[in-house]
Amino acid sequence: MTEAEIRSILSSNLKRYRNYRKFSQAELAEKLDISIPFLSDVENGRKWISPMTLVKFASALNIEPYELFKPENAISPEISTALTNWSNDIVEAVTQTVKDIQTCYLIKANEPPEN
């Protein structure tokens, strides 16, 4: 594997995990105490990061550092599907919770005042 291939894998994984965690570049850059242009350069393979910064990225993205170097096709389809399903389940649960809160609020709003 060449240095260019490693940079490409790292940069695409950083972007993919950032998007998966729903961080904007600005949010992740702030969390890591780096500039947005630097983050953009790393995600586009124009800049390289130190081992310490690599660990900070992994920690912020809630993954192990080595996962940033795994080629995308190294993630099994089962795990990828499980992550997608898990994400969809969370969205569905949050949506239902918001609906339940709205319903509860509407019921309370329509009850006669207590004496």
Side-chain angles (χ1 to χ4, degrees):
M1 187 174 289
T2 67
E3 179 184 343
E5 291 169 325
I6 292 171
R7 279 182 188 252
S8 176
I9 291 168
L10 175 65
S11 63
S12 67
N13 282 343
L14 285 172
K15 188 181 292 185
R16 186 165 45 88
Y17 281 111
R18 177 180 59 77
N19 288 327
Y20 176 74
R21 297 285 185 223
K22 308 263 190 267
F23 286 130
S24 67
Q25 281 189 331
E27 291 168 329
L28 185 58
E30 182 178 333
K31 191 173 183 90
L32 297 171
D33 195 29
I34 61 174
S35 71
I36 298 168
F38 179 74
L39 175 57
S40 177
D41 284 345
V42 172
E43 284 188 350
N44 289 298
R46 292 186 294 267
K47 297 250 172 119
W48 195 240
I49 55 177
S50 70
M52 181 180 283
T53 304
L54 176 70
V55 170
K56 288 168 99 178
F57 266 101
S59 178
L61 297 169
N62 199 28
I63 58 173
E64 293 296 323
Y66 72 87
E67 293 179 87
L68 292 169
F69 294 100
K70 289 171 83 174
E72 188 172 358
N73 60 2
I75 299 173
S76 73
E78 294 83 17
I79 291 173
S80 182
T81 300
L83 288 173
T84 300
N85 290 342
W86 178 72
S87 178
N88 291 339
D89 289 347
I90 289 174
V91 169
E92 187 177 317
V94 168
T95 302
Q96 186 59 50
T97 301
V98 169
K99 287 178 183 177
D100 292 346
I101 291 169
Q102 289 172 332
T103 301
C104 182
Y105 177 77
L106 290 173
I107 290 170
K108 290 248 185 220
N110 292 323
E111 288 179 356
E114 293 182 24
N115 292 334

Any chance you could measure [X], atom [atom1], to [Y], atom [atom2], to the nearest 0.5 Å?
X: K70; Y: L10; atom1: NZ; atom2: CG; answer: 14.5 Å
X: N19; Y: S24; atom1: CG; atom2: OG; answer: 10.0 Å
X: T95; Y: I90; atom1: OG1; atom2: CD1; answer: 11.5 Å
X: D33; Y: T53; atom1: CG; atom2: OG1; answer: 10.0 Å

Test item: S8 side-chain N/O and A4 main-chain N/O as donor-acceptor pair under 3.5 Å: no
Sub-4.5 Å side-chain heavy-atom contact between [X] and [Y]:
X: Y17; Y: L28; value: no
X: N13; Y: F69; value: no
X: S40; Y: R46; value: yes

Determine whether M52 and V42 fall in the same hydrophobic cluster, where Ile, Leu, Val, Met, Phe, Trp and Tyr are linked whenever their side-chain heavy atoms lie under 4.5 Å apart. no
Same hydrophobic cluster for F23 and I36, using side-chain heavy-atom links shorter than 4.5 Å among ILVMFWY? no
Step through the shown structure and confirm whether more than 12 heavy atoms of other residues, nucleotides or ligands are within 6.0 Å of [atom1] on [X].
X: E67; atom1: CD; value: yes
X: D100; atom1: CG; value: yes
X: Q96; atom1: CD; value: yes

With E3 via salt bridge (charged side-chain N to carboxylate O under 4.0 Å, His left out) - residues at least two apart: R7
Where do E27 and K22 come nearest, in terms of heavy atoms and distance? OE1-O, 3.6 Å
Least distance between heavy atoms, I9 atom then S12 atom: O-OG, 3.2 Å
Donor-acceptor pairs are to be reported for all side-chain atoms of residues 54-66 against protein atoms at under 3.5 Å, with residues two or more places apart or in another chain.
residue: K56; atom: NZ; partner: L32; partner atom: O; Å: 3.4

